[in-house]
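So that the names make sense, note that chain A is the first sequence line, chain B the second, and so on, each numbered from 1.
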Number of protein chains: 2
Amino acid sequence: MQISELARRTGVPVATVKYYLREGLLPSGELTGATRARYDEAHVERLRLVRALLGPGGLSVATARSVLAAVDAPGTAVHEALGAAHRALPGVGPGDPPDLDRARAVLARRGWRVAEDSPALRALAAALAALEAAGYPPGDDLLDRYAEAAGRIGEQDVAEVPAGSLPEAVRFVVVNTVLLEPVLLALRRLAQEDASGRRFSGG
Amino acid sequence: MQISELARRTGVPVATVKYYLREGLLPSGELTGATRARYDEAHVERLRLVRALLGPGGLSVATARSVLAAVDAPGTAVHEALGAAHRALPGVGPGDPPDLDRARAVLARRGWRVAEDSPALRALAAALAALEAAGYPPGDDLLDRYAEAAGRIGEQDVAEVPAGSLPEAVRFVVVNTVLLEPVLLALRRLAQEDASGRRFSGG
DNA sequence: AACATTGGACACCGCCGCTATCCAACCAGG
DNA sequence: CCTGGTTGGATAGCGGCGGTGTCCAATGTT
């Protein structure tokens, strides 16, 4: 199929498809002439993935490029792919390292083992610092409950990874890491709304 | 104190403080002359809150303005404030309403009661649609486990709301709704990393 | 031969979060 | 009372981002 059909089938404007090609989010089609290229079903799928990452996934083009690079890297082991995806995700800038101790303490209480330089660890520390700066330093009990809930989820996420094909596993890990975040946040808000209704408006 | 000290104490450039004043994120100080205004501790606190919402909270200036309006509205009941905060948060655009049925079914299985037009419900539906479009439609069991974990968290969030002062409760709800999101996401990633290490690299 | 479409390159746009400049009005020190 | 630095307020500009519009020669299609 040609670019116009690729665009039509995915609902993405042709100019935007060209933009994604330029940005390296979408591999170029097979050239059949100086002004013709052929695209296939894989491109349709990839384009849908790109749109999901950029839109609901909330990734920037640059971040999506890194994440997709992790997906494309051949022979990546699943654990490394997950690390690469985490590293590519919008983390904390190169600001001064906040107090990792508090974050590490939470992990230690749950017995979690993560890389020393895990971006998620830095992200947690930064988030805790932000809460502190806003005047609501979270208590250990709160953090522990959050960690317990997060633990169930992370456990399940990893358990669901398909064992067969390695590239498929990598793709699964990346997609689910990114696209289940909005699901989790929406569910949390819904749970809050339900609990708030029960507590505060006696429904 | 004057604007320069306010800026110094919070580490925010004076030009940026002026910008926040213009944008209505920060109430103006008490005018003591045509070119003088006095700021107090409340301004310091508010400015820190604004920075937390804009930075780690990930809110846009426009969204932060709405959220802060909910905080400032006098006499708002807690349940309504939470609703206002949720409504102000970056939700789903006015695109065509996706299939809310799948989302509603998840809530029904847990017995949650939320507003018919809850923005979080639309957000959940949109997130599910994105997963579907990306080729990974989530199973009911996955959703139920996510919902269970989210339920514990939402329950705790609401339980922690201080009962005494109403404005304080509203502020607490808004701050925690927004600023605990990055905490939860970071913890999920850390849990994934731990579980992945145990499953895939036999640590 | 006539016409539409394509890949590719480049310029441009609108939005956003600041940031820089300027000004008249001040206030503080000497 | 003068001098110099600071302030509130207004306005303009900037850099990054995610596209979009335009143009071109080469290529298909009829």
With a 4.0 angstrom cut-off to heavy atoms of chain A, pull out the first and last contacting nucleotide of DNA chain C, in 5'-to-3' order.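 Using the under 4.0 Å cut-off, the span is C/dT5 to C/dC10.
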Which pairs count as salt bridge (charged side-chain N to carboxylate O under 4.0 Å, His left out) when at least one residue sits in residues 49-59 of chain B, sequence neighbours excluded?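 Qualifying pairs: none.
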Mind checking what makes side-chain contact (heavy atoms from CB on, under 4.5 Å) contact with [X], not counting sequence neighbours?
| X | result |
| --- | --- |
| B/A127 | A/P182, A/V183 |
| A/A115 | A/D117, A/S118, B/E193 |
| A/A37 | A/L31, A/Y39 |
| B/V50 | B/Y20, B/L25, B/R46, B/L54, B/L68 |

Going by ring-ring contact (aromatic ring centres under 6.0 Å, His included), name the residues that satisfy it together with B/F172, two or more places apart in sequence or in a different chain.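 Counting only residues at least two positions away or on another chain, B/F172 forms a ring-ring contact (aromatic ring centres under 6.0 Å, His included) with A/Y136.
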side-chain hydrogen bond (donor to acceptor under 3.5 Å, both in side chains) pairs, two or more places apart, involving residues 147-157 of chain A: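 For residues 147-157 of chain A, and leaving out neighbouring residues, the side-chain hydrogen bond (donor to acceptor under 3.5 Å, both in side chains) pairs sorted by first residue read A/E148-A/R152, A/E155-B/R198, A/D157-B/Y146, A/D157-B/R188, A/D157-B/Q192.
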Taking only heavy atoms on the protein side, list every residue of residues 53-64 of chain B lying under 4.0 Å from any atom of DNA chain D, sorted numerically.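 The stretch gives none, as no residue of it lies under 4.0 Å from the strand.
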Looking at residues at least two apart in the chain, or sitting in another chain, which of them share a salt bridge (Lys or Arg N to Asp or Glu O under 4.0 Å) with B/E132?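 B/E132: no salt bridge (Lys or Arg N to Asp or Glu O under 4.0 Å) contacts found.
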Just grab all the ring-ring contact (aromatic ring centres under 6.0 Å, His included) pairs involving residues 148-169 of chain B, residues at least two apart or on different chains.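 Pairs touching residues 148-169 of chain B that pass the test: none.
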Where do N or O atoms of nucleotides 7-11 of chain D meet protein N or O atoms at under 3.5 Å, pair by pair?
from	atom 1	to	atom 2	distance (Å)
D/dT7	OP1	B/Q2	NE2	3.4
D/dT7	OP1	B/S4	OG	2.3
D/dG8	OP1	B/Y39	OH	3.4
D/dG8	N7	B/K18	NZ	3.1
D/dG9	N7	B/K18	NZ	3.2
D/dG9	O6	B/K18	NZ	3.1

Please test B/R189 against A/E181 for salt bridge (Lys or Arg N to Asp or Glu O under 4.0 Å), starting from the C-alpha separation and ending with a verdict. CA-CA 10 Å; B/R189 289 187 198 165; A/E181 289 190 353; 2.6 Å; yes
